[in-house]
A.B. asks: 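Dropping the structure in here first, questions after.
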Amino acid sequence: MSEMTTEILEQNLSKIVLVRLKGGKSLRGKLKGFDQHLNLVLEETEDTTSVENQKKLGLIIVRGDNVVLISPPPR
Amino acid sequence: MSEMTTEILEQNLSKIVLVRLKGGKSLRGKLKGFDQHLNLVLEETEDTTSVENQKKLGLIIVRGDNVVLISPPPR
Amino acid sequence: MSEMTTEILEQNLSKIVLVRLKGGKSLRGKLKGFDQHLNLVLEETEDTTSVENQKKLGLIIVRGDNVVLISPPPR
Amino acid sequence: MSEMTTEILEQNLSKIVLVRLKGGKSLRGKLKGFDQHLNLVLEETEDTTSVENQKKLGLIIVRGDNVVLISPPPR
Amino acid sequence: MSEMTTEILEQNLSKIVLVRLKGGKSLRGKLKGFDQHLNLVLEETEDTTSVENQKKLGLIIVRGDNVVLISPPPR
Amino acid sequence: MSEMTTEILEQNLSKIVLVRLKGGKSLRGKLKGFDQHLNLVLEETEDTTSVENQKKLGLIIVRGDNVVLISPPPR
Amino acid sequence: MSEMTTEILEQNLSKIVLVRLKGGKSLRGKLKGFDQHLNLVLEETEDTTSVENQKKLGLIIVRGDNVVLISPPPR
């Protein structure tokens, strides 16, 4: 993982990030932790795949190999 | 695996967790064990993929590479 | 593989286990051997994917990377 | 690969085995060789995927990562 | 990663690149960082998969194993 | 790769082999080279996937992870 | 990667090659660089997947794990 990736993730700890997963699932949650495989810990997570039917998932661990992209919120 | 992931999983040993697998399967069971690949041991597991047709699986070993996300229950 | 996984598999040697594979196949057979990749040796195996059409497979070697979950029988 | 897997494969050298591959292909052939990745050498192989249309493949090398299960013939 | 790949990516830092991902998604964004796995940091990113419906993603981290190809803009 | 695999491939250098790839593509070409990942160099290759529409590919390099099976011609 | 593969690729530097990718995409471009994972740098690349609708991609980096086969032009 590049230093820049680590830096961006560290700057966004405790902030809301959007995460797209393989298979099309989208998540929105507060970034609480991560490692070099992009395994993520998210808090107050919502499954935002379906606009009409957002499901609350709360605290979750995401296995990094499912991650396509991570997007911090616009500043 | 980040320390935080290990900590969260340890705090939830013997508690009910939800597990989403690649391919869409959902499981709910008591977390009895895990390792750094997210191989899991679950007890009193139910396959909750279909809301109408929940199947009891009892004690299971989940191979970690199938795991998308793990969600401890809300506190 | 966690010690607990090894322990559970060792306790179930020569007992019937259920195995779900990627792609949806289900197997039921007597666990005769395993390794840390979850490569399995099963005996008297039946392919239980289709309830109406269970096929006898006898002794088989399962390549571990196909395994989703392993379920010992209820005690 | 567990010792038992090696043993079973060694005992079945020059015997007919059934091999299921990812993607649903089934092969039947005489096991001539194998390695720890389950790369296989089969002789007098037939593609038995379609019951009506079995194709002769003769001598083949199977790349192990395609293997789902290997089944020696009933004794 | 070949030296040439590193060189091309370095020459295009802070320039717009097109990125195609597995599964068909297309992104266009300013390249801010990368590593040897082709993990990417993009800024002012747009999801250009659908010509009619381009979505702004802003700053994103792309996990390298999803990347099919990266295309710097024509000079 | 087992010694037998290497031996079979060496014996078939400069001979026609059939190669099945993941995704269903079939190739027929003269084996000019290989390595332990089953990366292959084939010459005078034809894409024989469609019986009616065989395409000439000439000299090709096949990335080994796409290979399902390799079949030397009957002797 | 076998020496022969390296040799063929080196002999084709600055020549047009055809590249087939997983998922069915076809590319045609001038080979400018490669490494042992078959990561490629292509110049003046065209996406030739659709015969009627060839798209110019220009300079691209292809992540090697997407490559199925590489074909130098007939001599």
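A note on names: the letters A, B, ... follow the listed sequences, proteins ahead of strands, and every chain is numbered from 1.
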A.B. asks: Is the number of heavy atoms from other residues, nucleotides or ligands within 6.0 Å of NZ (A:Lys30) greater than 12?
C.D. replies: no
A.B. asks: Would you check if the side chain of A:Ser71 reaches a backbone N or O of E:Leu57 as a donor-acceptor pair within less than 3.5 Å?
C.D. replies: yes
A.B. asks: Could you have a look at E:Leu21, E:Val62, E:Val41, E:Leu27 and say which one has the most heavy-atom pairs with chain A under 4.5 angstrom?
C.D. replies: E:Val41
A.B. asks: With rounding to the nearest 0.5 Å, note down the distance linking OG in A:Ser2 to NE2 in E:His37.
C.D. replies: 10.0 Å
A.B. asks: Looking at side-chain heavy atoms only, is the closest gap between A:Asp65 and E:Arg63 below 4.5 Å?
C.D. replies: yes
A.B. asks: Distance check, rounded to the nearest 0.5 Å: E:Leu40 atom CG versus A:Met4 atom CE?
C.D. replies: 11.5 Å
A.B. asks: Any idea which of E:Ile60, E:Ile61, E:Asp35, E:Asn39 has the most non-hydrogen atom pairs under 4.5 angstrom with chain A?
C.D. replies: E:Ile61
A.B. asks: Give a yes or no on whether the backbone of A:Val67 and the side-chain of E:Asn66 come within a donor-acceptor separation of less than 3.5 Å.
C.D. replies: yes
A.B. asks: Rounded to the nearest 0.5 Å, what's the gap from CZ on A:Arg20 to NZ on E:Lys25? Could you check?
C.D. replies: 4.5 Å
